Amino acid sequence: MTRIDLNGDLGESFGAWPMGEDAALLDVVSSANLACGFHAGDFMTMQRTVAAAMERGVAIGAHVSLPDLQGFGRREMRVTPAEVHAMTLYQLGALHGFARAAGTRLSHVKPHGALYHMAARDRALADAIAAAVHQFDPRLRLFGLSGSALVDAGTAHGLAVVAEAFADRRYRTDGTLQPRGEAGAVIDDAEIATAQALQIALEGTVTTTDGNTIGMRADTLCLHGDGAHAVRLARRLRAGLEAAGASIAAPGDA
């Protein structure tokens with residue numbers, strides 16, 4: 001039986017500004033990546049989302065980001081590996097506090113937005129993240145773009161790595177994601193996204209923007225929580241995977 005994790009980026013509300021439908025998505029995903037206050041989220045949102053994930057038995061991870069609330073962490077910044085190392089530790093410590101107070105622990109770490117893509121191609125930044133994660137807690141799993149420098153860095157630092165693919169994003173032939181700013185980069189159609197997820201999970205391949213088919217290892221599939229049709233897409237995708245015989249579970253779950 002094919003086993004796959006479904007992860008979602010959650011806890012991205014801030015103060016009086018809500019974002020996403022976290023409660024509904026937590027009923028679908030098996031892993032939740034919680035914003036740690038750098039690109040989104042705040043102390044009350046973090047506390048509430050940890051509690052909500054625990055109630056549903058969803059694995060809790062830190063969604064660490066560049067310090068860019070205004071740009072939602074999706075703008076690249078000129079940062080050094082030392083800065084990336086420190087900001088990763090800072091955010092891990094914040095979310096860990098809420099998890100520990102609630103009687104649970106973090107299971108994984110996934111960089112967000114621009115930091116995710118920077119670490120996918122820049123080994124020095126990837127090593128900084130992996131080192132910080134290992135120093136904080138070597139039991140934590142590191143989520144990274146399949147085939148990227150971040151996955152390699154996590155392995156080199158002795159972490160359990162989780163190769164990630166995307167159901168709702170288009171891929172280029174080199175295995176990178178088509179930039180969000182380009183037309184068609186985000187798949188809004190639930191049927192098309194589900195078909196891509198099934199291809200990745202069951203066949204280990206993905207069809208690229210130019211029609212080629214490339215190999216794609218995936219231990220987890222990301223479901224974005226901030227889109228207009230996020231919940232409908234998530235439910236359709238999970239139902240499609242289960243109908244095809246896939247088992248949905250967080251990495252490490254029995």
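Everything numeric here is computed off the predicted structure, so don't read it as measured data. Hydrogens, waters and symmetry mates play no part in the numbers below; they use all other heavy atoms, side chains included.
V151 belongs to a hydrophobic cluster whose other members, connected by ILVMFWY side-chain contacts under 4.5 Å either directly or through intermediates, are V161.
Looking only at distances, a side-chain donor or acceptor of R238 sits under 3.5 Å from a matching main-chain atom of V28. The main-chain N or O of A102 is never found under 3.5 Å from a side-chain atom of Q47 such that the two would form a donor-acceptor pair. In this structure, Q196 contributes its side chain and R169 its backbone to a donor-acceptor pair below 3.5 Å. With R3 contributing its side chain and A250 its backbone, the two residues share a donor-acceptor pair below 3.5 Å.
For the pair D22 and R48, the salt-bridge criterion is not met [side-chain N within less than 4.0 Å of a carboxylate O].
In terms of the side-chain hydrogen bond (donor to acceptor under 3.5 Å, both in side chains) criterion, residue partners of D174 (sequence neighbours excluded) are, by chain and number, T176. Residues satisfying the side-chain hydrogen bond (donor to acceptor under 3.5 Å, both in side chains) criterion with R100, sequence neighbours excluded, are absent altogether. Considering only residues two or more places apart in sequence or on other chains, Y116 meets the side-chain hydrogen bond (donor to acceptor under 3.5 Å, both in side chains) condition with E164. Applying the salt bridge (Lys or Arg N to Asp or Glu O under 4.0 Å) rule to R232 yields no partners; only residues at least two apart in sequence or on another chain are considered. Taking the side-chain hydrogen bond (donor to acceptor under 3.5 Å, both in side chains) definition, one finds that D168 meets it with H224, sequence neighbours left out.
The OG1 atom of T194 sits 5.5 Å away from atom CD of E191, with the distance rounded to the nearest 0.5 Å. To the nearest 0.5 angstrom, R74 atom CZ is 8.5 Å from H117 atom NE2.
Aromatic pair Y90/F38: ring centres closer than 6.0 Å. For H63 and H112, the distance between ring centers is under 6.0 angstrom.
For the side chain to side chain contact (heavy atoms under 4.5 Å, CB included) with N7, the qualifying choice from N33, V29, D219 is N33, the only one to do so.
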